[in-house]
Each structure stands twice: as C-alpha cells, then as structure tokens.
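Only this structure's heavy atoms are used, side chains among them; waters, hydrogens and symmetry mates stay out.
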Amino acid sequence: MKAFDINEFMEEEKPLKAEETFEEKVQEEEAETPELDVQKAVVEALAEEKVKIEHEIEELKNTLASKEQEVSRLREENENLKKEAGKKSKLAEEQKGRIEKLEKELFEKIDRELDMQERNPNSLALLDREVELPDRFPGETRDHVIEVLREARDAAERDGRIRRAQILESVLVANEPNGTLAKKRAELEKLFADNGNLVSGEVIRVLEEMGISHKNGEEYLMPSEIIKRTY
C-alpha cells in the first residue's frame with residue numbers, strides 16, 4: 001500500500017514568466033503615458049492662463065491707481081474752485097455792501113439838500129433872493145444866475161472891460177451850474193421839434209402837465225417865446 005502524501009492535494013504554485021511581467025509593465029506605462037500628457041498639457045495651459053490673469057490684474061491695478069490719482073486731482077480742483085467761489089461770493093457781498101452804503105449816503109445827501117432848499121431856498125443860489133419866489137426845480141435860481149454871469153462875462157470881453165470879465169470868470173470857475181435848467185430847456189425844445197414847432201393839442205396837454213403857460217392873455221405864444229418866458 002502506497003503511503004499518503006499531502007502534497008498531492010496542494011496546487012502547485014506556478015512561477016510567473018519573466019516575459020509576461022515585462023510586457024504587462026510596458027503596457028501599463030503605455031496606457032498611463034497619454035493620461036500624463038493630458039495632465040501636463042492642462043497644467044501648462046493653467047500656468048499660461050495664470051500668467052495672463054496676473055498680467056491683467058497688474059494692468060487693472062495700474063489703471064486703478066491712475067484713476068485714483070485723477071479722482072484725487074479732480075477733488076483738489078473742486079476744493080480750490082469752492083474756495084475761489086467763496087472768495088468771489090464774499091467779495092461780491094462786500095461790493096454790494098459798499099454800493100448800498102454809497103446809495104444810502106447819496107440819498108441822504110439829496111434829502112438834506114432838498115430839505116435845506118425847502119427851509120432856506122437862498123442857500124442854493126449865488127445871491128440871496130426873496131423866498132416868495134421859490135425855485136420850480138432844485139438849483140433853478142443858481143443856474144439862471146450863472147447863465148447871466150456867463151453872458152455878462154462874454155459882453156465884458158467884447159467891450160474890453162477886462163477887469164469885469166476877469167471877476168465874472170473867477171465866479172464862474174468857482175460855481176458850476178446844476179445843469180437842470182439846460183436839461184429842461186432842451187426837453188422843451190425837443191417837444192416842439194417833435195411836433196413840427198406847432199403848439200398843437202398834444203403839445204398843450206404836455207405843457208399843462210408841466211405847469212407851463214402857452215398863452216399871453218388870449219394870444220397863443222410861439223414855441224420860441226414859450227421857451228424864453230419859461231427857461
């Protein structure tokens with residue numbers, strides 16, 4: 001009887017062939033190579049994209065810095081304009097105040113002169129006169145007297161009355177006319193000229209409003225006569 005051998009029941013381990021192991025390894029590496037190439041390409045693309053993004057970020061930072069400088073400059077200009085506007089506004093207020101002060105002083109002076117004439121009409125004349133004949137406008141007496149003196153000076157010069165002419169000239173130099181008399185005379189002359197130098201209904205209406213008579217008794221006066229009698 002044959003003796004029992006347990007090895008008969010055990011599967012004999014077969015050794016791996018060297019050729020199969022190398023081929024499988026090569027196949028695995030070849031299978032892995034395309035995947036590595038793809039990963040490398042992706043990594044390189046991502047690197048390029050990162051460089052591009054970093055460059056764009058740098059440009060945006062530079063642009064932002066430039067804009068911030070521009071905004072800062074504009075803000076500074078705006079502040080300067082506000083300050084300048086404030087100075088001009090203050091100057092305008094000062095000018096307005098000075099103008100108002102001058103206007104007030106002028107009106108006060110006019111009021112004083114009118115009040116003085118009302119209380120003492122002779123104060124505005126070169127010579128005293130009877131107060132029963134008041135001026136019809138401020139300075140009427142003064143202007144008439146100055147005109148008479150001017151005519152007298154001219155006559156004295158024509159007649160060779162040198163001393164009289166010199167004295168009258170000195171008075172005229174020191175006493176300028178008010179000018180109202182000449183102005184009113186010119187206005188009356190214009191009224192007649194505009195109406196053909198005729199004493200018409202419209203002219204009579206204006207004359208009556210001015211308190212100027214256009215008659216001598218029952219006779220109508222010529223425009224030149226009205227001017228002479230009035231101014």
Side-chain angles (χ1 to χ4, degrees), residues 26-120 123-126 135-140 142-143 146-147 150 169-170 172-191 193-195 202 206 209-210 231:
V26 170
Q27 289 177 359
E28 289 177 359
E29 290 179 355
E30 289 178 350
E32 292 176 355
T33 298
E35 184 177 351
L36 292 174
D37 291 341
V38 171
Q39 291 179 356
K40 182 180 179 181
V42 171
V43 170
E44 291 177 351
L46 289 174
E48 291 178 358
E49 185 67 20
K50 179 183 178 183
V51 172
K52 182 178 179 181
I53 291 173
E54 289 176 347
H55 180 69
E56 291 178 352
I57 291 174
E58 190 64 26
E59 289 183 345
L60 289 174
K61 286 181 178 180
N62 293 334
T63 301
L64 179 60
S66 176
K67 295 298 183 182
E68 288 177 347
Q69 291 178 356
E70 182 68 13
V71 169
S72 177
R73 184 183 65 81
L74 291 174
R75 285 177 177 172
E76 184 177 354
E77 289 183 358
N78 187 46
E79 288 299 321
N80 291 334
L81 289 173
K82 286 182 178 179
K83 292 179 181 178
E84 188 67 21
K87 291 180 181 179
K88 290 182 177 180
S89 177
K90 182 178 179 181
L91 180 61
E93 288 297 323
E94 292 176 353
Q95 292 284 6
K96 181 181 178 182
R98 283 195 289 268
I99 291 173
E100 291 176 349
K101 181 180 179 182
L102 290 173
E103 288 179 344
K104 182 180 179 181
E105 291 176 353
L106 177 60
F107 290 141
E108 289 177 351
K109 182 178 180 181
I110 292 174
D111 289 340
R112 284 195 303 270
E113 290 181 352
L114 292 175
D115 181 62
M116 183 182 298
Q117 182 184 356
E118 183 178 349
R119 290 185 289 106
N120 184 13
S123 64
L124 297 179
L126 291 173
D135 283 353
R136 288 181 295 180
F137 56 84
E140 181 186 18
R142 180 185 179 85
D143 280 5
I146 290 176
E147 281 193 357
R150 186 177 293 109
E169 176 65 21
S170 68
L172 291 171
V173 169
N175 294 275
E176 291 292 330
N178 179 284
T180 307
L181 177 63
K183 180 180 178 182
K184 287 185 173 295
R185 184 184 293 124
E187 290 175 353
L188 198 56
E189 290 173 348
K190 185 177 184 301
L191 172 65
D194 291 344
N195 289 274
E202 177 63 20
V206 176
E209 289 179 356
M210 298 171 68
Y231 298 128

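Atom-to-atom distance recorded for E176:CD and R142:CZ is 8.5 Å, nearest 0.5 angstrom. Expressed to the nearest 0.5 Å, how far CD of E140 lies from CG of N178 amounts to 10.5 Å. The structure places CD of Q69 at 10.0 Å from CG of L64, a figure rounded to the nearest 0.5 Å. The line from NZ of K67 to CG of L60 is 12.0 Å long, rounded to the nearest 0.5 Å. Here OG1 of T63 is found 11.5 Å from CD of E56. Values are rounded to the nearest 0.5 Å. Atom CG of residue D135 and atom CG of residue L181 lie 10.5 Å apart, to the nearest 0.5 angstrom.
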May I have the list of side-chain donor-acceptor pairs in residues 78-102 shorter than 3.5 Å, sequence neighbours left out?
unit_1, atom_1, unit_2, atom_2, d
N80, ND2, E76, O, 3.3
Q95, OE1, R98, NH2, 3.3

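In this structure, M210 and Y231 approach most closely via the heavy-atom pair CE-OH, 4.1 Å. Contact record, I146 with L172: O-CD2, 3.5 Å, taken as the closest heavy-atom pair.
Heavy atoms from other residues, nucleotides or ligands lying under 6.0 Å from CZ of R73 number more than 12.
One N or O on the side chain of D143 and one on the backbone of G179 form a donor-acceptor pair closer than 3.5 Å.
By the 4.0 Å N-to-carboxylate-O rule, K52 lies too far from E48 to be salt-bridged with it.
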